[in-house]
Amino acid sequence: MTQNIVQQKISMVFKSAIDKKSIFKNKRVLDISYIPDNILHRDSELYEISKILSVSLKNERPSNVFVYGPTGTGKTLVVDYVCNELLSVARENKLSVHYVYVNAKLKRIADTEYRLVSHIANELGEHIPFTGLPTDVVYSRFLNKVESLNGVLIIVIDEIDYLVNKIGDRFLYTLTRINQDLYNTKVSIIGISNNLNFTEYLDARVRSSLSEEEVVFSPYNAIQLRDILEDRSKKAFYEGVVENSVINKCAAIAAQENGDARKALDLLRVSAEIAERNNEYKVKEYHVDLAQKKIDYDRFIEVVKTLAQHQKLTLFAVLDLLLSKDVGFKVHTGDVYDKYVSLCNRIKKTPITQRRISDIINELDILGIINAKIKNLGRYGRTREVSLANSKDVYEKIYNLLKNDLYL
DNA sequence: AGTCCACAGGAAGGGCAGGCGA
DNA sequence: TCGCCTGCCCTTCCTGTGGACT
């Protein structure tokens with residue numbers, strides 16, 4: 001095909017994208033970050049959190065709140081909604097109430113104590129460099145900024161369990177004690193977590209002050225998910241685009257996966273995108289099946305792409321050992337390391353130590369890319385048994401992707 | 001009961017890069 | 001420009017683990 005014909009084809013694709021009628025009226029409604037006017041099936045949680053935070057309008061410190069529940073149960077949405085409502089009431093009445101949201105799982109935000117404090121301070125308008133200052137200087141600039149607010153500050157830390165895992169609970173201890181060092185500002189913390197048991201690992205003092213109040217979010221059932229999807233799809237699509245059976249199917253699949261509304265919305269959105277790409281004006285059940293496969297695969301590929309080179313080499317070594325074998329076959333850390341070293345030699349790269357590769361295998365397991373279980377083999381030592389966590393066809397695609405990427 | 005294996009994983013520290021303030 | 005600080009990735013050294021084997 002000549003270059004000219006390719007260009008013509010590309011221009012046709014873009015032109016038809018403009019001419020083609022979209023099935024979406026407002027796609028953003030299906031986005032997880034979208035805050036709807038009415039939050040369904042979370043009345044008691046909305047009320048409970050509002051009640052706790054309402055004292056800030058009298059310039060009193062609200063209790064710290066620990067919010068927990070499985071993924072996609074509306075925790076962040078509800079907290080964000082209540083805080084925004086609170087801010088607008090405070091603004092109307094010219095009260096000094098402030099709110100900072102931190103998602104600890106976002107890279108380069110809460111990886112270290114320094115980054116977390118500087119992030120919160122930056123959100124409050126105090127510019128602190130990305131790196132370079134001693135931590136105590138960052139703390140004191142943060143404290144000065146908080147003090148200058150002269151009111152109530154609510155700090156929401158989403159995925160707080162991840163934060164504690166990463167940097168320990170020292171920072172939480174400092175935060176929960178911060179009011180002792182402040183005269184003009186009262187600080188309240190809302191911690192959000194998927195992990196119900198994570199407070200067990202906290203220092204007892206941190207645990208008790210963080211959990212002054214607890215709000216539990218239970219999973220949505222299929223009927224509640226259907227209501228949510230129906231509500232959103234009315235706003236997201238033109239009439240008649242989505243069949244009822246599609247909504248029911250998305251709701252049923254998400255209900256099986258721990259009542260995750262995020263998953264349900266993703267499924268609906270991706271199903272519609274697939275239909276639209278195939279020039280179909282109606283979203284049907286088989287689009288949902290395709291969407292489910294696509295979501296799983298995309299998530300996997302995205303994670304693999306972000307890996308560092310030695311992580312990619314380790315993963316490649318695992319795949320090289322396992323793909324030719326039967327499903328369920330397992331290899332040990334030592335086998336993976338030997339393979340990894342031979343791959344390094346092939347591309348003339350200095351291998352890193354087995355100690356580090358052991359950590360990398362653990363990291364790949366945490367990311368859900370492979371399964372790695374510690375196994376005692378008696379006289380034959382203690383090692384990790386590494387196996388595949390997904391279907392072989394997905395790994396074959398990843399294998400080829402890595403092969404090109406690593407020039408193997 | 002004692003030994004052995006093949007690591008797991010904690011602790012300490014090195015080297016480098018990025019960024020800041022003086 | 002220089003000294004200082006932090007983050008990140010890695011190494012080295014070390015102790016711990018627990019079931020098979022002797």
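Numbered from 1 within each chain, the chains take letters A, B, ... in sequence-line order.
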Practice task
Compute both the distance and the angle, then confirm whether K397(A) meets the cation-pi test with Y297(A): under 6.0 Å from the six-membered ring centre, within 45 degrees of the axis.
Solution key: yes
Exercise for the section: Could you verify whether a donor N or O on one side chain and an acceptor N or O on the other, from D260(A) and T71(A), lie under 3.5 Å apart? Expected result: no
Practice task
Answer yes if the side chains of N194(A) and K75(A) hold a donor-acceptor pair under 3.5 Å, and no otherwise.
Solution key: yes
Handout entry: SB check K27(A) D31(A) (cutoff 4.0 Å)
Key = no
Can you find a side chain N or O atom of [X] that sits less than 4.0 Å from OP1 or OP2 on [N]?
X       : N       : value
T383(A) : dA6(B)  : no
T353(A) : dC10(C) : no
S358(A) : dA8(B)  : yes
H310(A) : dC10(C) : yes

From [atom1] of [X] over to [atom2] of [N], roughly how many Å is that when rounded to an integer?
X       : N       : atom1 : atom2 : answer
L116(A) : dG7(C)  : CG    : P     : 11 Å
R356(A) : dA11(B) : CZ    : C1'   : 16 Å
Q354(A) : dC14(C) : CD    : P     : 18 Å
K373(A) : dC7(B)  : NZ    : P     : 19 Å
D335(A) : dC5(B)  : CG    : C1'   : 15 Å
H332(A) : dC5(B)  : NE2   : C1'   : 13 Å
N122(A) : dG19(B) : CG    : P     : 14 Å
I352(A) : dG15(B) : CD1   : P     : 18 Å

Handout entry: Spatial distance of atom SG (C83(A)) from atom CD1 (I155(A)) [nearest 0.5 Å]
Key = 11.5 Å
Problem - Pairwise distance CD1(I157(A)) to CG(L210(A)) - rounded to 0.5 angstrom - result: 8.0 Å
Name the pairs: protein N/O against N/O of nucleotides 18-20 of chain C, kept only if under 3.5 Å.
| residue | atom | partner | partner atom | Å |
| --- | --- | --- | --- | --- |
| dG18(C) | O4' | N376(A) | OD1 | 3.4 |
| dG18(C) | O4' | N376(A) | ND2 | 3.1 |
| dG18(C) | N2 | G378(A) | O | 2.8 |
| dG19(C) | N2 | G378(A) | O | 2.6 |
| dG19(C) | N2 | R379(A) | N | 2.9 |
| dG19(C) | N3 | G378(A) | O | 3.3 |
| dA20(C) | O4' | R379(A) | N | 3.0 |

Exercise for the section: Compute the ring centroids of Y99(A) and Y101(A), then answer whether they are less than 6.0 Å apart. Expected result: no
Problem - Validation row, ring centre F237(A) to ring centre F24(A) under 6.0 Å - result: yes
Exercise for the section: Dot-bracket for DNA chain B, please, read 5' to 3', with Watson-Crick or G-U wobble pairs under 3.5 Å on both distances, ( ) within the strand, [ ] crossing, | other strand, . unpaired. Expected result: ||||||||||||||||||||||
Problem - Listed once per pair and sorted, the ring pair (Phe, Tyr, Trp, His ring centres under 6.0 Å) pairs that draw on residues 348-381 of chain A, sequence neighbours left out - result: none
Practice task
Between R355(A) and G334(A), just flag the one whose closest nucleotide in DNA chain B comes earlier from the 5' side.
Solution key: G334(A)
